[in-house]
Chemist: 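Here's a structure for you.
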Number of protein chains: 2
Amino acid sequence: MNETPIERLLTAGLKVFAERGFREATVRDICARAGTNISSIRYYFASKEMLYREVLAYSFREADRKYPQLAFSDESLPPNDRLKIFIRNLLMRLLDESDLGFHARLMAREIAEPTEALHFIIDTVMKPRFMILRELIPQLVEETLDQTDIDRVIHCIIGQCLVFRHSKPMIERLCPEVISSPEAIDRTADMIIRFSLGGLRGIDLSKGGLP
Amino acid sequence: MNETPIERLLTAGLKVFAERGFREATVRDICARAGTNISSIRYYFASKEMLYREVLAYSFREADRKYPQLAFSDESLPPNDRLKIFIRNLLMRLLDESDLGFHARLMAREIAEPTEALHFIIDTVMKPRFMILRELIPQLVEETLDQTDIDRVIHCIIGQCLVFRHSKPMIERLCPEVISSPEAIDRTADMIIRFSLGGLRGIDLSKGGLP
DNA sequence: CTTGCGTTCAAACATCTGTTTGAATAGGAT
DNA sequence: ATCCTATTCAAACAGATGTTTGAACGCAAG
């Protein structure tokens with residue numbers, strides 16, 4: 001127990017909230033894993049909900065520390081490479097099974113079942129990256145797309161990454177090999193990149209196919 | 001109240017389970033919406049969990065009734081068309097906002113946070129379609145892919161559809177227009193189809209890009 | 001040593017929730 | 001009318017869980 005009770009509660013809370021969701025997580029469980037008394041949450045965080053907010057903030061700090069996305073934002077790189085970096089980085093974050101895996105799970109939870117904290121997450125974490133993709137995608141297709149179609153393309157791309165986190169239980173039953181090792185995950189990232197670059201090309205080729 | 005208590009409990013249960021998840025759903029809430037006494041769940045279904053299983057089964061029956069997937073299984077159709085049908089059908093199911101919307105939400109929940117019922121769902125609902133895709137995809141790419149890469153491609157495709165359901169709260173904050181109307185959803189389906197067909201072509205074009 | 005403060009602890013409390021119970025009700029068959 | 005069965009009902013029960021409490025502990029300052 002070399003960490004402070006506050007740190008232990010944050011890491012334990014991250015795990016439990018990620019694994020069971022806010023409601024299913026019990027303060028008794030969190031305190032047990034943190035090795036603290038049950039009343040420590042009240043003492044240090046006032047309530048379970050306040051602890052949850054602190055855990056969210058802590059989780060984001062850790063994620064950005066471990067997988068910084070500087071290269072993706074580098075406008076001097078070719079758009080192609082920037083997209084590759086983005087996809088690989090996103091998939092790695094999502095499937096990281098160290099402590100960061102809990103961050104991805106927590107985020108997936110917030111996206112699927114928002115608490116009041118979602119708006120904060122979107123505005124501070126998602127939106128900046130989304131805006132970068134908005135200016136990146138048009139550089140990768142010849143046809144000029146309207147904003148809404150660009151947004152659709154963006155979701156086609158991130159959807160391919162998200163599915164490997166969101167549908168993990170299903171994947172592990174149907175075809176676990178696709179993400180069963182770091183090499184497999186790497187190959188999955190390659191596949192998403194090839195598929196996405198092809199998809200972007202496909203949009204150009206099939207133009208006029210729509211009214 | 002022209003329906004039987006059993007029917008009312010099933011529809012009410014579907015809504016509440018879909019909106020709040022198994023654990024957060026309360027039998028009192030379900031019974032209130034169904035207009036039945038609190039002990040009716042025990043009387044007709046033995047327990048909350050048994051009700052949940054029956055709701056799942058009921059939900060699948062309704063989904064298959066409303067969006068049958070016969071054409072997708074028709075091996076006499078060109079592979080291209082079968083994929084288009086599959087994508088459009090899946091997206092429609094996922095974004096249907098009638099009673100069926102609850103089905104999609106319920107399924108998304110099961111996929112993300114499996115109960116013991118997940119295995120049943122996968123084996124009876126997902127797997128058959130997955131197996132069809134497994135024989136369909138190779139017909140759409142020239143390069144011969146191994147099984148694992150085929151499974152990756154499959155998830156790239158369904159991931160593009162799933163994201164519009166799973167990340168709906170985020171989409172509605174960042175770019176609601178992409179799924180804000182039946183026409184918009186239709187156009188999203190078109191985009192996924194173009195993107196996927198392009199992606200499949202891209203796999204051929206970029207072969208050799210991997211070790 | 002005594003005091004004071006931050007911290008830890010076990011027990012109790014209040015509420016919510018799934019389940020159970022036993023009586024009340026209704027409707028049809030005899 | 002009587003009986004039987006199926007159904008409905010309100011109340012109670014039991015367990016889990018977030019919160020609260022007040023005492024105990026430890027340690028540094030005076």
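Chain A is the first sequence line, chain B the second, and so forth, proteins listed ahead of strands; every chain is numbered from 1.
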Chemist: Are the charged groups of B/Arg53 and B/Glu49 less than 4.0 angstrom apart, N to O?
Modeler: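 Yes, B/Arg53 and B/Glu49 are salt-bridged.
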Chemist: Base, sugar-phosphate or nothing for A/Ile38? Non-hydrogen atoms, less than 4.0 Å.
Modeler: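 The residue A/Ile38 makes base contact.
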Chemist: Which of residues 44-55 of chain B sit near DNA chain C, with a heavy atom under 4.0 Å from it?
Modeler: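 DNA chain C contact set from residues 44-55 of chain B: B/Ser47, B/Lys48.
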Chemist: ring-ring contact (aromatic ring centres under 6.0 Å, His included) with B/His103: which residues, sequence neighbours excluded?
Modeler: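 Checked B/His103 against ring-ring contact (aromatic ring centres under 6.0 Å, His included); matches are B/Phe60.
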Chemist: Under a 4.0 Å N-O cut-off, is there an ion pair linking B/Asp190 with B/Arg194?
Modeler: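 So B/Asp190 does not pair with B/Arg194 through a salt bridge.
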Chemist: How long is the line joining CG of B/Asn37 and P of C/dG22, in whole Å?
Modeler: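 Taking atom P of C/dG22 as the reference, CG of B/Asn37 is at 16 Å.
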Chemist: Could you list the residues that satisfy ring-ring contact (aromatic ring centres under 6.0 Å, His included) with A/Tyr52, not counting sequence neighbours?
Modeler: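 With sequence neighbours excluded, A/Tyr52 shows a ring-ring contact (aromatic ring centres under 6.0 Å, His included) to A/Phe17, A/Phe22, given in chain and number order.
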Chemist: Could you check which residues of residues 9-29 of chain A get a heavy atom under 4.0 Å from DNA chain D? Sort them by number, please.
Modeler: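 Only A/Ala25, A/Thr26, A/Val27, A/Arg28 qualify.
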Chemist: Using side-chain contact (heavy atoms from CB on, under 4.5 Å) as the criterion, list what pairs up with A/Ile85, not counting sequence neighbours.
Modeler: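 Only A/Ala71, A/Phe72, A/Leu77 meet the side-chain contact (heavy atoms from CB on, under 4.5 Å) criterion with A/Ile85.
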Chemist: Could A/Arg93 and A/Asp96 be called an ion pair, given the rule that one side-chain N must be under 4.0 Å from one carboxylate O?
Modeler: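 The answer is no: the pair does not qualify as a salt bridge.
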Chemist: Looking at B/Glu110 and B/Arg105, is any side-chain nitrogen of the basic one under 4.0 Å from a carboxylate oxygen of the acidic one?
Modeler: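 No, no charged N to carboxylate O under 4.0 Å.
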Chemist: What's the spacing between A/Lys168 NZ and A/Leu94 CG if we round to 0.5 Å?
Modeler: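 Interatomic distance, A/Lys168 NZ to A/Leu94 CG, rounded to 0.5 Å: 10.0 Å.
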Chemist: Taking atom types as modelled, find out whether B/Ser196 and B/Lys84 have a side-chain donor-acceptor pair closer than 3.5 angstrom.
Modeler: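 No, no side-chain donor-acceptor pair sits under 3.5 Å.
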Chemist: Closer than 4.0 angstrom, basic N to acidic O: yes or no for B/Glu24 and B/Arg109?
Modeler: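 The answer is no: the pair does not qualify as a salt bridge.
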Chemist: At the 4.0 Å heavy-atom cut-off to chain A, mark where contacts on DNA chain D begin and end, going 5' to 3'.
Modeler: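 Terminal contacting nucleotides, 5' to 3': D/dT17 to D/dT21.
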